[in-house]
Amino acid sequence: MAERTETRVAFIGSECYPFVKTGGLGDVMYALPRALVREGQEVRVILPLYSCIPAKYKEQMVWKGSFMMDLTQDGRSFFVGVMELEKDGVVYDFIENKEFFDWGNPYTGLWEDIPKYCYFAKASLAALNFLEWTPDVVHCHDWQAALVPVYLRTRFALTPVGAARSVLTIHNLRFQGICSIEHLKYWTGLQDDLFTYDVFLVNDNEANMFKGGLAYADRVTTVSETYAQEIQTDFYGEGLNGHLWYHRAKLRGIVNGIDVEQWDPQADQLLPVSYGREEILSRKGENKRALQRRLGLQEDEGKLLLGLVSRLTDQKGLDLVDAVFEQMLDENTQIIVLGTGDPRYENAFRYFESVHKGQVSACIMYDESLSHQIYGGVDALLVPSLFEPCGLTQLIAMRYGTVPIVRETGGLKDTVEPYNEYTGEGNGFTFDRYEADLLLDAVRRAREVYFQHRDRWNAVVQRDMDKDVSWTHSARQYLELYHELKG
Ligand code: ADP
Ligand code: GLC
């Protein structure tokens, strides 16, 4: 039999567009496997079968079978069902268990989520054995899949899947899966000798799932080079900087891309008017007016329209936005916010809308189609994050000829080249220190170029649309990493 040349990769993670998505992890779990399949690789994506997955996808799934799996310290067994669906060459295997996945959206709270993802990590590996599909690499994502590398080298070491190597990608280090040692011992059923300071332990009382996974993974990646450096420092390391520094030889940063078919202004059915590079200067105005009309803003193409599409959490720099919101507005500027999250921010934006009717729109909701219309209709997108492992909204913005205004951190720093007022070069407006006045200054610089030097603004827009934000280059970097592991 001819030797297989393609690499088999199993992606394991807690969300994946279009089935379930709360943020950029869902986008990456969708786009990267597709890019790898385009490169000729074989990819399966293992996901929980959450009840919140829309029925139209559940209807397309095929039942592959079921088995019982032991899990907990006291040897309780749990049902594992496997449902499968294929889409554009990527095979999706959904793990079914009503006890764990029948509630939540998809997350509930850490207390319930920890058992859920202990079960999911172990069931994913058991399912690969059950399906008799042995990957070369299991590529795990964030804390929810962080136990996979640990199980792989312990409970599954002598089973077929035990031959695979593991990659663990950090999308966001803020969430780690920390709980009491007893809780994790109970739900993982893992032996005491893993509960040491170099694997799971945080202190005398707590254990950390991400920490254990980082110790056991063959390679650790983050979603930008800058974030890979940042997380080895106190400020960004979320308490794991020492651990990451210790494991730095296996740590690497590979910047995210976006799926350029999913995000394509030329073919986007959700836009009132689609446009390519050549038509943007005339057509963007039409999208802008349609958006202003839809959201009850004063309809005027001449205004500078700023957008913000984000989870409303501290990570996203919203306290800076809050602090200078009134100053960012003037009679020629409008702001649209789309997001949900911390009530503190939701209420602040609702308040700004109420006192600036016609000039501010606060859309406190999660709405995929409105997000497309915002990327297509606004002139500039604000991403002033406190930390940003990669950030996808600035990439989507550039693809839609929308100029990003970002803080120079993580992936924002790696993907947005600052506008240079002397040469007119650059992709967007940036600021470095986490200070509200610097955000305001960046907005004022953008405003000046927009109103006083429109030719330069238009050149930035064109450059943004020309920028390669696809997955092609980064998917090849992952592929090199997989090859390195295969040896
Ligand atoms: P994070 O993963 O930290 O939330 P990213 O920038 O990587 O940030 O990805 C955010 C993704 O979620 C983007 O696809 C963005 O369009 C989407 N998104 C965030 N908030 C909303 C919302 N309220 N409605 C629709 N899409 C949203
Ligand atoms: C995380 C990060 C974000 C990144 C996304 C996808 O949610 O917060 O910066 O783009 O994961 O990797």
Side-chain angles (χ1 to χ4, degrees), residues 11 13-18 20-33 105 107 139-145 168-176 210 221-228 230-231 236 238 253-260 262-263 268 270 295 307-318 336-342 345-346 349 361-376 378 381-400 402 404 406-407 409-416 469 471 474 478:
F11 272 62
S14 60
E15 54 183 87
C16 178
Y17 176 85
V20 53
K21 166 178 156 183
T22 70
L25 170 63
D27 289 306
V28 174
M29 291 285 292
Y30 168 74
L32 179 54
N105 211 3
Y107 310 118
H139 189 161
C140 323
H141 299 264
D142 270 354
W143 76 267
Q144 295 93 339
L168 177 57
T169 294
I170 303 169
H171 294 265
N172 194 335
L173 201 57
R174 177 139 295 180
F175 308 103
Q176 300 178 2
F210 220 162
T221 67
T222 73
V223 287
S224 69
E225 279 179 28
T226 294
Y227 193 59
E230 287 175 339
I231 54 178
Y236 294 99
E238 305 284 347
I254 301 178
V255 73
N256 286 335
I258 54 169
D259 189 291
V260 290
Q262 180 193 354
W263 300 106
D268 194 330
L270 299 167
L295 299 180
L308 192 148
V309 179
S310 182
R311 289 184 291 114
L312 302 181
T313 68
D314 287 336
Q315 173 189 342
K316 300 295 179 177
L318 301 166
I336 297 172
V337 175
L338 171 63
T340 58
D342 191 332
Y345 297 124
E346 293 188 347
F349 291 127
S361 171
C363 308
I364 307 303
M365 60 180 86
Y366 188 93
D367 187 328
E368 197 77 31
S369 97
L370 180 55
S371 78
H372 283 245
Q373 287 160 22
I374 292 177
Y375 293 122
V378 302
L381 191 86
L382 299 172
V383 199
S385 307
L386 172 63
F387 69 96
E388 198 59 77
C390 178
L392 299 177
T393 62
Q394 82 282 10
L395 301 181
I396 304 170
M398 289 190 276
R399 173 105 173 115
Y400 281 69
T402 293
V406 308
R407 176 163 174 260
T409 182
L412 300 171
K413 183 171 179 186
D414 294 353
T415 57
V416 181
V469 290
W471 264 106
S474 299
Y478 277 112

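Atoms within each ligand, like the ligands themselves, are counted from 1 in listed order.
Those atoms of ligand 1 with a heavy atom of G339 less than 4.0 angstrom away are 23 (N). Distances below 4.0 Å separate heavy atoms of T393 from the following atoms of ligand 1: 6 (O), 15 (C). Distances below 4.0 Å separate heavy atoms of G24 from the following atoms of ligand 2: 5 (C), 6 (C). Atoms of ligand 2 found under 4.0 Å from any heavy atom of N256, numbered from 1 in the order shown, are 6 (C), 10 (O), 12 (O). Near N172, with a cut-off below 4.0 Å to any heavy atom, the atoms of ligand 2 are 8 (O). Atoms of ligand 2 found under 4.0 Å from any heavy atom of V28, numbered from 1 in the order shown, are 6 (C), 12 (O). Numbered from 1 in the order shown, with element, the atoms of ligand 1 that lie under 4.0 Å from a heavy atom of Q315 read 3 (O).
E230 places a side-chain N or O within 3.5 Å of a backbone atom of G410 that can act as its donor or acceptor partner. When atom types are taken as modelled, the side chain of R407 and the backbone of L386 share a donor-acceptor pair closer than 3.5 angstrom. A donor-acceptor distance shorter than 3.5 angstrom exists from the side chain of D142 to the backbone of N172, with no hydrogens or angles considered.
Defined by atom type and a distance below 3.5 Å, a donor-acceptor pair is missing between the side-chain atoms of E346 and T340. When only modelled atom types and interatomic distance are considered, D268 and H372 share a side-chain donor-acceptor pair under 3.5 Å.
Ligand 1 has an N or O atom lying under 3.5 Å from an N or O atom of D367, backbone or side chain. Remark: ligand 2 and Q315 share an N or O pair separated by less than 3.5 Å (distance only, no angle test). For ligand 1, the polar-atom distance check finds no N/O of T340 at less than 3.5 Å from any of the ligand's N/O atoms. Considering backbone and side-chain atoms together, G391 places no N or O closer than 3.5 Å to any N or O of ligand 1. Considering backbone and side-chain atoms together, G391 places an N or O closer than 3.5 Å to an N or O of ligand 2. Note: no N/O pair closer than 3.5 Å links N172 and ligand 1 by distance alone. At a 3.5 angstrom cut-off on N or O pairs, W263 does not count as close to ligand 1. At under 3.5 Å, a nitrogen or oxygen of L392, whether backbone or side chain, sits near a nitrogen or oxygen of ligand 1. Residue V223 has no N or O atom closer than 3.5 Å to an N or O atom of ligand 2.
With hydrogens left out, the protein atom closest to atom 14 (O) of ligand 1 is D27 OD2, 2.7 Å, a heavy atom. Atom 23 (N) of ligand 1 has as its closest protein heavy atom M365 O, 2.9 Å. Scanning the protein heavy atoms around atom 20 (N) of ligand 1, the nearest turns out to be S310 C, 3.7 Å. Annotation: atom 10 (C) of ligand 1 to nearest protein heavy atom, G24 N, 3.6 Å. Counting only heavy atoms of the protein, atom 15 (C) of ligand 1 lies nearest to Y375 OH, 3.4 Å. Ranking the protein heavy atoms by distance from atom 4 (O) of ligand 1 puts R311 NE, 2.7 Å first. Scanning all protein heavy atoms for the shortest distance to atom 22 (C) of ligand 1 gives Y366 CD1, 3.5 Å. In terms of protein heavy-atom proximity, atom 3 (C) of ligand 2 is nearest to E388 OE2, 3.3 Å.
The aromatic rings of Y478 and W471 sit tilted, their planes meeting at an angle between 30° and 60°. Ring planes of F11 and H141: parallel class, angle under 30° (limits at 30 and 60°). In this pair, Y375 and Y400 present their aromatic rings tilted. The plane angle is within the 30 to 60° band.
Pairing each heavy atom of I258 with each of R399, the nearest pair is CD1-CB, 4.1 Å. Smallest separation of non-hydrogen atoms from S224 and G411: OG-N, 3.2 Å.
Contact check for F210 versus I170: side-chain heavy atoms found under the 4.5 Å cut-off.
Around the CG atom of N105, the shell of radius 6.0 Å holds no more than 12 heavy atoms that belong to other residues, nucleotides or ligands.
C390 does not count as a contact of ligand 1, since none of its heavy atoms falls under 4.0 Å from the ligand. Between H171 and ligand 1 there is no heavy-atom distance shorter than 4.0 Å.
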Exercise for the section: Tell me, with the steps shown, if E15 and T22 meet side-chain contact (heavy atoms from CB on, under 4.5 Å). Expected result: CA-CA 8 Å; E15 54 183 87; T22 70; 2.8 Å; yes

Problem - K21 and E368: CA distance, side-chain angles, deciding distance, salt bridge (Lys or Arg N to Asp or Glu O under 4.0 Å) verdict - result: CA-CA 10 Å; K21 166 178 156 183; E368 197 77 31; 3.5 Å; yes

Handout entry: Pair E238-I231, side-chain contact (heavy atoms from CB on, under 4.5 Å): steps then yes or no
Key = CA-CA 8 Å; E238 305 284 347; I231 54 178; over 6 Å; no

Practice task
Check the pair S385 / Q315 against side chain to side chain donor-acceptor pair (under 3.5 Å), numbers first and verdict last.
Solution key: CA-CA 6 Å; S385 307; Q315 173 189 342; 5.6 Å; no

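Relative to atom 8 (O) of ligand 1, the option among Q394, K316, E388, R174 with the closest non-hydrogen atom is K316. Remark: among candidates H171, R311, R174, the nearest residue to atom 1 (C) of ligand 2 is H171, based on non-hydrogen atoms.
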